[in-house]
There are 2 protein chains.
Amino acid sequence: MENPNDDAEMSIELEMGSWLGRNLRRATNAVFGQFASEFAPFNIRPALYLALSIIERFPGSSGAELSDYMTVPRANTVVLLKELEGRGLIKRAPNATGRRAQAISLTEAGHALMIELHAAHERHVAYLESVMSEAESNFLNALLQRLWKPQAGSSPPSEA
Amino acid sequence: MENPNDDAEMSIELEMGSWLGRNLRRATNAVFGQFASEFAPFNIRPALYLALSIIERFPGSSGAELSDYMTVPRANTVVLLKELEGRGLIKRAPNATGRRAQAISLTEAGHALMIELHAAHERHVAYLESVMSEAESNFLNALLQRLWKPQAGSSPPSEA
DNA sequence: TATTGTTATACTCTATAACTATA
DNA sequence: TATAGTTATAGAGTATAACAATA
């Protein structure tokens with residue numbers, strides 16, 4: 001039997017209110033999957049598009065700043081930057097103030113690609129909008145942020 | 001500077017409505033992280049707890065059935081079952097109807113552990129309830145399911 | 001032939017430790 | 001000493017291909 005017990009399965013889903021984590025991950029994968037199908041022609045993953053978008057918006061940022069924007073460990077952005085640089089989409093110039101911090105910016109090819117990526121992104125957003133209303137989306141985002149964003153007053157004042 | 005531009009960062013988060021994917025992943029990780037901290041003493045990951053819970057509820061299931069319940073490829077449940085069996089939490093008996101399908105059930109140790117795991121799970125749920133109300137949680141779950149669950153009428157009737 | 005169990009592999013993002021080079 | 005950049009490794013869940021054994 002390929003669906004042993006629909007009622008039972010449903011009860012599993014509903015009773016264990018805390019399958020929230022699972023629900024979250026599946027939704028994540030679904031959204032990323034739709035994103036991937038939209039961006040597949042450009043071979044761009046979500047993380048790459050985010051990095052490119054931030055670089056586009058804040059050209060001249062350093063890798064550490066990019067990491068801050070992405071709220072991701074530096075070690076990870078390094079890999080992204082390496083890949084983007086290898087593909088000729090970004091360039092890293094020695095910062096004016098010194099040689100350590102790198103001033104990252106899009107190349108011409110990067111700018112050109114971003115035009116297409118933004119279009120793909122709009123299609124992705126359109127898909128999401130077909131699934132839920134803007135009000136629902138806003139509420140969803142607010143609830144999600146409540147789960148991971150440090151809430152004001154939720155942590156005691158720094159002891160340092 | 002460790003937080004280069006709070007306003008800019010916020011604008012990134014808000015303008016790109018489609019950072020929903022990112023928002024989802026971070027929320028997922030946060031929820032799983034809280035789960036992990038609660039289950040750390042037992043060295044049980046979410047997937048293991050889910051598998052154990054299903055086996056507890058539907059003893060005698062086969063691996064394929066468990067895969068159906070979890071909506072996960074068989075290849076993955078095999079690994080989970082192997083780990084759980086290795087830890088003495090489940091047993092696999094030759095099914096009465098034949099030798100292929102395995103009748104999976106909890107061992108005594110498995111049942112004993114589940115008592116503690118359920119308690120840990122309740123603490124996890126309590127945490128989630130401290131973050132959002134039940135109404136919000138229900139709405140969140142509904143929206144999430146809309147993102148990944150096949151919607152009624154969203155796919156054409158089977159052509160088979 | 002179809003299904004079950006299995007192994008291996010790959011992919012996503014995230015996270016940590018540890019090293020180098022620079023300021 | 002502190003920061004930036006880097007490398008390597010690991011962890012979580014998910015997914016696919018491919019094979020053997022069984023029905």
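Labels below follow one simple rule: chain letters A, B, ... track the order of the sequence lines, proteins then strands, and each chain is numbered from 1.
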Could you check how far [atom1] of [X] sits from [atom2] of [N], rounded to whole Å?
{"X": "B:L66", "N": "C:dG5", "atom1": "CG", "atom2": "C1'", "result": "13 Å"}
{"X": "A:I44", "N": "C:dC13", "atom1": "CD1", "atom2": "C1'", "result": "16 Å"}
{"X": "A:D68", "N": "C:dT14", "atom1": "CG", "atom2": "C1'", "result": "16 Å"}
{"X": "A:M70", "N": "C:dC13", "atom1": "CE", "atom2": "P", "result": "9 Å"}
{"X": "B:Q34", "N": "C:dT14", "atom1": "CD", "atom2": "C1'", "result": "18 Å"}

In terms of the angle between their ring planes, are [X] and [Y] parallel, tilted or perpendicular, with boundaries placed at 30° and 60°?
{"X": "B:F39", "Y": "B:H121", "result": "perpendicular"}
{"X": "B:F35", "Y": "B:H124", "result": "perpendicular"}
{"X": "A:W19", "Y": "B:Y49", "result": "tilted"}

Inset, instruction - Using salt bridge (Lys or Arg N to Asp or Glu O under 4.0 Å) as the criterion, list what pairs up with B:R74, not counting sequence neighbours. - result: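 Once residues adjacent in sequence are excluded, B:R74 has no partner under the salt bridge (Lys or Arg N to Asp or Glu O under 4.0 Å) criterion.
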Inset, instruction - Determine, for nucleotides 6-13 of chain D in 5'-to-3' order, which nucleotides have protein heavy atoms under 4.0 Å from the base (write B), from only the sugar-phosphate (write S), or from neither (write -). - result: BBB---SS
Inset, instruction - Give a yes or no on whether the backbone of A:L89 and the side-chain of A:T107 come within a donor-acceptor separation of less than 3.5 Å. - result: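 The answer is yes, because a donor-acceptor pair under 3.5 Å joins these two groups.
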Legend entry - Of A:R26 and A:G63, the one whose closest DNA chain D nucleotide lies more 5':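 Of the two residues, A:G63 wins.
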Legend entry - Considering all heavy atoms, the nearest A:L80-A:A51 contact: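 Between these two residues, the closest heavy atoms are CD1-CB, 4.5 Å.
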